[in-house]
> 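Here it is, the structure, as structure tokens.
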Amino acid sequence: MSRTTLEQEQAELGEGRRDDDSRRWRRSLTIDATLLIGVATVAFVLGNERVVESVLSNAQALTIVLGAVGLVLIAFTALELRKSASLFQEYSEARRDLKDAFQKIDERRARDERFVGRDRGEASDA
Amino acid sequence: LIVRLLTEAEIRRLPRLRLLAYRTQLRDYEDAKRAEVTSLDDEVLRLRDEAQRVWGDVGVDGAILFGGLVLSPVSGPGGVVMVGIGLYRLTNHTMKAAFGARDALQAAVARVKAVKRLLDEADWRLALIESLLP
């Protein structure tokens with residue numbers, strides 16, 4: 001049987017945490033870039049009189065376009081939330097397995113305690 | 001808490017006192033993992049509440065967008081502003097749903113599965129120790 005240590009397992013968990021950190025970093029970079037593009041667009045639009053006039057004269061069309069973008073975003077969000085729901089399900093199943101493992105641990109410990117109690121009882125009788 | 005996983009042969013060679021000490025170490029490890037999972041449960045419950053809140057918020061955002069579309073024939077600029085507000089709120093909630101909860105949940109699932117594997121490793125060793133102790 002190969003010799004493994006829990007240290008190695010813990011190192012693997014550490015790598016997982018590092019992955020989480022880099023994912024978080026990428027996410028904040030994406031949000032920053034989106035905000036920067038948004039601010040630049042707003043500045044351009046507000047700074048350009050012709051663009052403002054054009055927007056005001058075609059407000060209804062713009063509303064419809066923005067509304068369509070909103071609908072796409074709603075669909076995307078719903079999809080993401082459904083993925084999260086399936087992950088909750090997966091977590092619950094994994095947790096149920098773990099609950100069985102904890103129950104087994106408790107039973108084993110209770111058995112050990114009984115043995116210790118019996119040994120002590122025999123010793124005091126003697 | 002760092003515990004070395006001994007092989008079956010190594011465990012069988014351990015003297016009684018070392019065997020008892022090793023059993024205590026493994027039990028402490030099990031307790032540490034149980035505490036880790038409990039805190040993970042709290043985090044997952046928080047994420048679930050947050051996801052439910054996002055569902056509600058997205059409903060409100062949809063209503064604002066719809067309001068903007070209805071308002072648009074009456075007042076064009078008013079409709080644009082309302083739809084803009086709806087889109088701004090929606091973007092925030094989409095970001096939360098897409099990047100917030102999902103990543104954390106994936107990490108939590110992986111962690112729970114890893115803990116199960118580690119507990120299985122500790123389990124058969126403890127059973128062996130139990131059989132070796134008189």
Side-chain angles (χ1 to χ4, degrees), chain A residues 1-10 12-13 16-17 19-20 23-24 27 30-31 34 38 55-67 69-71 73-74 76-81 83-85 87-88 90-95 97-98 101-102 104-105 108-109 111-112 115 119, chain B residues 2-10 27 29-30 34 37 41 44 47-48 51 54-55 58 61-62 65-66 68-69 72-73 76-77 79-80 83-84 86-87 90-91 93-95 97-99 101-103 105-121 123 126-127 130:
Chain A
M1 186 185 293
S2 69
R3 188 159 147 162
T4 55
T5 67
L6 283 184
E7 289 164 73
Q8 285 167 346
E9 300 277 3
Q10 282 155 349
E12 280 175 25
L13 284 179
R17 277 192 200 112
D19 286 348
D20 288 350
R23 238 198 324 259
R24 217 168 285 138
R27 181 197 317 155
T30 313
I31 292 171
T34 313
V55 166
L56 288 177
S57 59
N58 297 305
Q60 203 172 345
L62 187 67
T63 310
I64 290 168
V65 170
L66 290 179
V69 172
L71 282 180
L73 275 182
I74 288 176
F76 178 69
T77 312
L79 212 65
E80 288 298 322
L81 287 171
K83 276 184 205 163
S84 292
L87 278 170
F88 280 125
E90 201 179 333
Y91 181 84
S92 303
E93 280 164 18
R95 193 65 184 80
D97 286 348
L98 211 53
F102 285 141
K104 209 168 144 189
I105 288 169
R108 192 182 50 230
R109 286 191 188 181
R111 206 165 47 231
D112 287 352
F115 278 130
D119 290 348
Chain B
I2 292 170
V3 180
R4 229 171 67 120
L5 285 183
L6 301 178
T7 62
E8 186 179 345
E10 283 171 329
R27 283 179 173 185
Y29 189 79
E30 283 177 342
R34 197 191 284 241
V37 169
D41 281 349
V44 168
L47 288 171
R48 200 179 61 185
V54 170
W55 264 123
V58 168
D61 300 342
L65 279 176
F66 184 71
L69 287 170
S72 160
V80 172
V83 169
L87 260 186
L90 192 58
T91 311
H93 297 137
T94 305
M95 289 282 188
F99 298 113
R102 206 189 57 194
D103 282 0
L105 270 174
Q106 270 169 346
V109 170
R111 193 67 53 81
V112 165
K113 284 181 178 170
V115 168
K116 173 77 172 68
R117 206 175 62 237
L118 293 172
L119 287 180
D120 286 344
E121 286 286 333
D123 181 63
L126 280 164
E130 198 177 297

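Just so we're on the same page: letters track the sequence lines, and every chain starts at 1. The shown structure was predicted, so the numbers you read here are calculated from the model rather than taken from an experiment.
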> At their closest point, which heavy atom of B:Val112 faces which heavy atom of A:Ala94, and how far apart are they?
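In terms of heavy atoms, the two residues are closest at CG1-CB, 3.5 Å.
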> Going by heavy atoms in the side chains, are A:Ile105 and B:Arg34 under 4.5 Å from each other?
yes
> Should B:Asp61 and A:Ile74 be marked as a side chain to side chain contact (heavy atoms under 4.5 Å, CB included) after you check the CA-CA gap, both sets of side-chain angles, and the distance that decides it?
CA-CA 9 Å; B:Asp61 300 342; A:Ile74 288 176; 5.7 Å; no
> Tell me, out of B:Val58, B:Thr91, B:Asp123, B:Asp120, who's got the most heavy-atom pairs with chain A below 4.5 Å.
B:Asp123
> Is there side-chain contact between A:Leu73 and B:Leu87, with at least one heavy-atom pair below 4.5 Å?
yes
> Could you tell me whether B:Lys113 and A:Glu90 have a side-chain N and a carboxylate O separated by less than 4.0 Å?
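Result for this pair is yes, salt bridge flagged.
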> Is it the backbone or the side chain of A:Ala85 that comes under 4.5 Å from a heavy atom of chain B, or both, or neither?
neither
> Which one of A:Glu93, A:Arg95, A:Lys104 has the most heavy-atom pairs closer than 4.5 Å to chain B?
A:Arg95
> Is the count of non-hydrogen atoms from other residues, nucleotides or ligands lying under 6.0 Å from B:Phe66 atom CZ greater than 12?
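It does not: B:Phe66 CZ has 12 such atoms or fewer within range.
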> To the nearest 0.5 Å, tell me how far A:Arg109 CZ sits from B:Glu30 CD.
5.0 Å
> Can you name the side chain to side chain contact (heavy atoms under 4.5 Å, CB included) partners of A:Thr34, sequence neighbours left out?
A:Thr30, B:Met95
> If you compare all heavy atoms of B:Val54 against all heavy atoms of A:Thr77, which two are closest, and at what distance to 0.1 Å?
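Closest approach of B:Val54 to A:Thr77: CG1-CG2, 4.3 Å.
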> For the residue pair B:Ala51 and A:Phe88, what are the closest heavy atoms and their distance?
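Here B:Ala51 and A:Phe88 meet closest at CB-CE1, 4.2 Å.
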> So which part of B:Leu69 gets closer than 4.5 Å to some heavy atom of chain A, the side chain, the backbone, both or neither?
both
> Checking heavy atoms, do the side chain of B:Asp41, its backbone, both or neither come under 4.5 Å from chain A?
both
